[in-house]
K.L.:
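Structure below; questions to follow.
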Number of protein chains: 2
Amino acid sequence: MDHVEFILDQWRRERPDLDVTAMGVVGRVGRLSLAYLKPMEKTFARFGLNAAKFDVLATLRRAGAPHCLSAGALMKATMVASGTMTNRIDRLEVDGLVSRTTNPEDSRSFLIALTPEGRALIDQVVEAHVATQADLIEGLSAEEVAQLSALLAKALNALESS
Amino acid sequence: MDHVEFILDQWRRERPDLDVTAMGVVGRVGRLSLAYLKPMEKTFARFGLNAAKFDVLATLRRAGAPHCLSAGALMKATMVASGTMTNRIDRLEVDGLVSRTTNPEDSRSFLIALTPEGRALIDQVVEAHVATQADLIEGLSAEEVAQLSALLAKALNALESS
DNA sequence: CCTATATATCTTGACGTCGAAGTAATGCGA
DNA sequence: TCGCATTACTTCGACGTCAAGATATATAGG
């Protein structure tokens, strides 16, 4: 019995009038998400990064050459507030991992690009990251992984269309 | 195609040498967890609470009468750092929702209990919370919910035993 | 009994995040 | 063309969280 089941049992005992089915899903998603964070943060730390920095570098890298996006595009892609993105870019700029230049097409906008150092680093980090993630799902069969992915995708789609 | 699939496709294009299967699961868990947070926070806010406060009140309530646990037990049950728990208790004490008394069995320890006001409030909040969670999984059939719960539980158990 | 180690919880400084506000530039409609 | 609304990003204050450190108490072993 996992800990979430223990919690659900407590609620069933204390408030038998409540249907805690959804709490099982929501609780386990939250708990699993939390459980995944620590090992990933540990991997980032090996390269002098954290999740916040990795998020930006990875977004630029997967965007493909010239690995360059506006601050606003980065903010939307990573789903954080604008102040958060400014903070992230500031720190990566100080680290020499990204450059910030004015956008010739819009004077309000900045273009954020990977520096050669940033590019080299993220290419290393993402390999370690992917290996860490593979470890995290090791206890599931390939079929279970596919099922879980599909169900999670369905849950996400249902949320995003409501 | 959900956004995570878009990200996976980007990585497949940019780094075809990497197996991004796990990233699908981990990415969707994270994203779903994030997507669940906002609606729940909104519900808590209707009662003047946030997730941090709700967490403590709910833990005390589901523990059953006398709705009383040590700070350390609360910290372990909610998986936060000790400073975090102190901060949460401080604020709830100010709000008059919990009381803090010394533990007669151990002078280092404090007992945190729901006040009558806290008890009344959490009983209301948990009803709204459960309803909000039900809304969040509405796009899934009962069978899908059961499957998802089982797979998430398996993923959690695998992590916790490694 | 005494001493060393472990434990309970608070304090503290640092950090990342949020939403609101501010400033400058762009887009749209009259 | 001009004025207003919208947009892009930075700044700022508040907040919750973390890990490390501090202090007092409990436990274990000699």
Side-chain angles (χ1 to χ4, degrees), chain A residues 30-31 33-35 37-42 44-45 48-59 68-95 97-113, chain B residues 30-31 33-35 37-42 44-45 48-59 68-95 97-113:
Chain A
R31 211 164 178 92
S33 175
L34 202 59
L37 286 182
K38 276 253 172 74
M40 291 196 286
E41 281 285 1
K42 206 167 163 194
F44 301 145
L49 300 178
N50 60 15
K53 292 180 177 181
F54 174 81
D55 213 10
V56 175
L57 295 178
T59 302
C68 179
L69 292 167
S70 71
L74 277 169
M75 178 181 77
K76 290 193 186 84
T78 55
M79 300 191 300
V80 296
S82 67
T84 300
M85 186 46 64
T86 298
N87 177 286
R88 288 182 180 187
I89 294 166
D90 285 349
R91 286 150 51 225
L92 286 169
E93 200 183 13
V94 164
D95 293 346
L97 300 177
V98 303
S99 66
R100 191 197 242 129
T101 53
T102 48
N103 183 350
E105 299 183 353
D106 185 336
S107 301
R108 301 168 300 182
S109 179
F110 289 89
L111 294 180
I112 314 300
Chain B
R31 211 162 179 94
S33 175
L34 200 59
L37 284 183
K38 275 256 171 72
M40 292 197 286
E41 281 285 2
K42 207 167 160 191
F44 302 145
L49 299 178
N50 61 15
K53 291 180 177 184
F54 175 81
D55 213 10
V56 176
L57 297 178
T59 302
C68 179
L69 292 166
S70 70
L74 278 168
M75 177 180 77
K76 290 193 185 82
T78 55
M79 302 192 299
V80 295
S82 68
T84 300
M85 186 45 65
T86 298
N87 176 287
R88 289 182 177 187
I89 295 166
D90 285 348
R91 286 152 48 226
L92 287 168
E93 199 181 13
V94 164
D95 292 346
L97 300 177
V98 302
S99 66
R100 190 198 241 130
T101 53
T102 49
N103 184 348
E105 299 182 351
D106 185 338
S107 300
R108 298 168 301 182
S109 177
F110 290 88
L111 294 180
I112 314 301

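Here is the naming used below: chain letters follow the sequence lines, and residue numbers restart at 1 for every chain.
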K.L.:
Taking only the side-chain nitrogens and oxygens of B:Arg100, find out if one of them lies under 4.0 Å from OP1 or OP2 of C:dT9.
P.N.:
no
K.L.:
On a heavy-atom basis, which atom in A:Glu41 and which in A:Ala51 lie closest, and how many Å separate them?
P.N.:
OE2-CB, 3.1 Å
K.L.:
Is B:Ser82 close enough to C:dT9 that one of its side-chain N or O atoms is under 4.0 Å from OP1 or OP2 there?
P.N.:
no
K.L.:
Base of D:dC9, side chain of A:Ser70 - is there a donor-acceptor contact under 3.5 Å?
P.N.:
no
K.L.:
Reckon A:Gly72 touches a base, only the sugar-phosphate, or nothing at all at heavy-atom distances under 4.0 Å?
P.N.:
sugar-phosphate
K.L.:
Does a nitrogen or oxygen in the side chain of A:Thr86 sit under 4.0 Å from OP1 or OP2 of D:dT10?
P.N.:
yes
K.L.:
Looking at B:Asn50 and B:Arg91, what are the two nearest heavy atoms and their distance?
P.N.:
ND2-NH2, 3.6 Å
K.L.:
Would you say a side-chain N or O of A:Ser107 is under 4.0 Å from OP1 or OP2 of C:dT26?
P.N.:
yes
K.L.:
Looking at C:dC15, I'd like to know if its phosphate oxygens (OP1 or OP2) sit under 4.0 Å from a side-chain N or O belonging to A:Asn50.
P.N.:
no
K.L.:
Between C:dA6 and B:Arg108, is there an OP1 or OP2 to side-chain N/O distance shorter than 4.0 Å?
P.N.:
no
K.L.:
Under the 3.5 Å rule, do the base of D:dT7 and the side chain of A:Ser109 count as making a donor-acceptor pair?
P.N.:
no
K.L.:
Ignoring backbone atoms, test whether B:Arg88 places a side-chain nitrogen or oxygen under 4.0 Å from the OP1 or OP2 oxygen of D:dT17.
P.N.:
yes
